[in-house]
Protein chains: 2
Amino acid sequence: MLGWEDVQSEALRRIQTREWTPGELIPTEQDFADELGCARATVNRALRALAQDGYLERRRKAGTRVAIAPQRMARLSVPLIRHEVEALGAVYGHRVLKQTPGAMPAALRLGLGLSNATPCYTIITLHLSGTRPFALEKRWVNLDAAPGFDAAPLDTISANEWLVQNAAFSHGTLDYSAAPASRFEGSHLGCPEGTALMTLERNTFGPEAAVTWVRISYAPGYHLTLDI
Amino acid sequence: MLGWEDVQSEALRRIQTREWTPGELIPTEQDFADELGCARATVNRALRALAQDGYLERRRKAGTRVAIAPQRMARLSVPLIRHEVEALGAVYGHRVLKQTPGAMPAALRLGLGLSNATPCYTIITLHLSGTRPFALEKRWVNLDAAPGFDAAPLDTISANEWLVQNAAFSHGTLDYSAAPASRFEGSHLGCPEGTALMTLERNTFGPEAAVTWVRISYAPGYHLTLDI
DNA sequence: TAGTGGTCTAGACCACGGC
DNA sequence: CCGTGGTCTAGACCACTAG
């Protein structure tokens, strides 16, 4: 019995040995299925997976071609700071520096599409790797989208983890950039003002509205690593 | 007629509205199919896709559960600088500042697993967005893995694009960090020495050996944006 | 060992899009 | 138009594993 993974392997072999060359039209699903002696659905699943991985380009009527410039995609798991710290072999800790209700800048409210009646919460947290500062986080939370957040035990669980576990979210954006440390960041991260810091801004949206906006400044030496 | 994407949407809705809460066992494929009035295979395809995206955890006999810590993966297409520039609505250009054969630092050779007999090539390129500097790139190329590179017309095609089209590659790593501009970087990127720059180091490996090592320093204002 | 997901099949119809 | 991929279906058997 030929499984779809066998079909995939065979197709991949032909691609990699250039038996099927880039840009070339490969057999139709039915022809390939007949040749291998399996059902068309099995071939479909195999070729669909290869197309998703960028090896093939498929179009109705036009057929399936070997991709000319396979675009490789890197996958980045959305970073949970505690996991980043623990992955480095250190003990994670955090200190809440400040938490106050109801103070979201107007510009931010506009960008997130929130009315000024939306109850908000502001938190500044210092994340620690052992006893050393790891990252400084400033966060606004929409209390409508994350009810109960203002009563969360933020000394025992980080704001991010509480939200991951307790608030529904559907999509968001990550935005990495390099920025000079402010005086405030420098003092907490243990570096001079102006030091180049990796900075992450993250918007997170629930099914209906923005849940939280975060800006994280990582201590010097931070690296974002991905495999392709 | 209910398609698998409809089933997926419905399941996702129940997850995001917490109708199905994290850790909870959801209906079996057969039950869900009966409820929605479609075939089990359709439900299977939908739930399998959601599991692949990290929303669900599936195990034979044990059933399907909503993922407790929904590990969202962001996908990042391997950045081709020309595409980054054009996506911003500008005209891409580049200037080769320096190209010399045979000078790869020993530390780098070791890290890539190359012998010191490996023929190499060094290139420094300034990438332009219109007339403004966009990024400065320093690159070493393993000529064994990319034969003909030393004869490539690098004035008309960038080193990266030539390699993408002419050298097979199988895997690699991306490493983003924030770093202060060197005097050299500052002079070419039009910013003071010490300015915080987003920096990318990329290793690329072919089927047998390292193909190229690159360090790209982006001009101030660069943002790496991902969707989740 | 029984329940659940994983997969294959043969047939059918549909949707897109070259021609 | 009509070929090709995209998908649905009903049924079947298999693989894994919790209880």
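Since the structure is predicted, the reported quantities are computational estimates derived from the model, not experimental observations. Computed from heavy atoms alone, side chains included, the values below leave out hydrogens, waters and symmetry copies. Each chain gets a letter, A, B and so on, in the order the sequences are listed, and its residues count up from 1.
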Handout entry: Between P of C:dC19 and CG of A:L25, the distance in whole Å
Key = 11 Å
Exercise for the section: Give me the ring orientation class for B:W140 and B:W213: parallel if the planes are under 30° apart, tilted from 30 to 60°, perpendicular past 60°. Expected result: tilted
Practice task
Would you tell me if any nitrogen or oxygen in the side chain of A:R59 comes within less than 4.0 Å of OP1 or OP2 on D:dT4?
Solution key: no
Completion exercise
When rounded to whole Å, the CZ to P distance for the pair A:R65 and C:dG18 reads 11 Å
Handout entry: Heavy-atom donor-acceptor pair, A:D53 side chain to A:L50 backbone, under 3.5 Å
Key = no
Problem - B:R202 with B:E137: basic N within carboxylate O range, under 4.0 Å - result: no
Problem - Base-paired stems in DNA chain D, each at least three Watson-Crick or G-U pairs under 3.5 Å - result: C:1-18 with D:1-18
Problem - N/O (side chain, A:T64) to phosphate O (OP1/OP2, D:dG5) under 4.0 Å - result: yes
Handout entry: Lys/Arg N to Asp/Glu carboxylate O, A:E29 vs A:R58, below 4.0 Å
Key = yes
Donor-acceptor pairs under 3.5 angstrom involving side-chain atoms of residues 31-38 of chain A: please list them, not counting sequence neighbours.
unit_1 : atom_1 : unit_2 : atom_2 : d
A:D31  : OD2    : A:T28  : OG1    : 3.4
A:D34  : OD1    : A:Q30  : NE2    : 3.0
A:E35  : OE2    : A:R14  : NH1    : 3.4
A:E35  : OE2    : A:R14  : NH2    : 2.6

Practice task
Send over the distance from A:F32 CZ to D:dG5 P, rounded to a whole Å.
Solution key: 12 Å
Exercise for the section: May I have the distance from B:I26 (atom CD1) to C:dG5 (atom C1'), rounded to whole angstrom? Expected result: 11 Å
Handout entry: Atom-to-atom span, NZ of B:K61 to P of C:dT4 - whole angstrom
Key = 7 Å
Problem - Separation between OG1 of A:T125 and CG of A:L154, rounded to the nearest 0.5 Å - result: 7.0 Å
Practice task
Drop me the distance from B:I15's CD1 to B:T17's OG1, to the nearest 0.5 angstrom.
Solution key: 9.0 Å
Handout entry: Rounded distance (Å) that lies between atom C1' of D:dA18 and atom CZ of B:R58
Key = 17 Å
Exercise for the section: Let me have a per-nucleotide readout for nucleotides 7-12 of chain D, 5' to 3', with B, S or -, counting only protein heavy atoms under 4.0 Å. Expected result: BSB--B
Handout entry: Passing option when B:H127 is tested against B:Y218, B:Y92, B:Y222 for ring pair (Phe, Tyr, Trp, His ring centres under 6.0 Å)
Key = B:Y92
Exercise for the section: Return yes if a side-chain donor-acceptor contact under 3.5 Å exists between A:T212 and A:R139, otherwise no. Expected result: yes
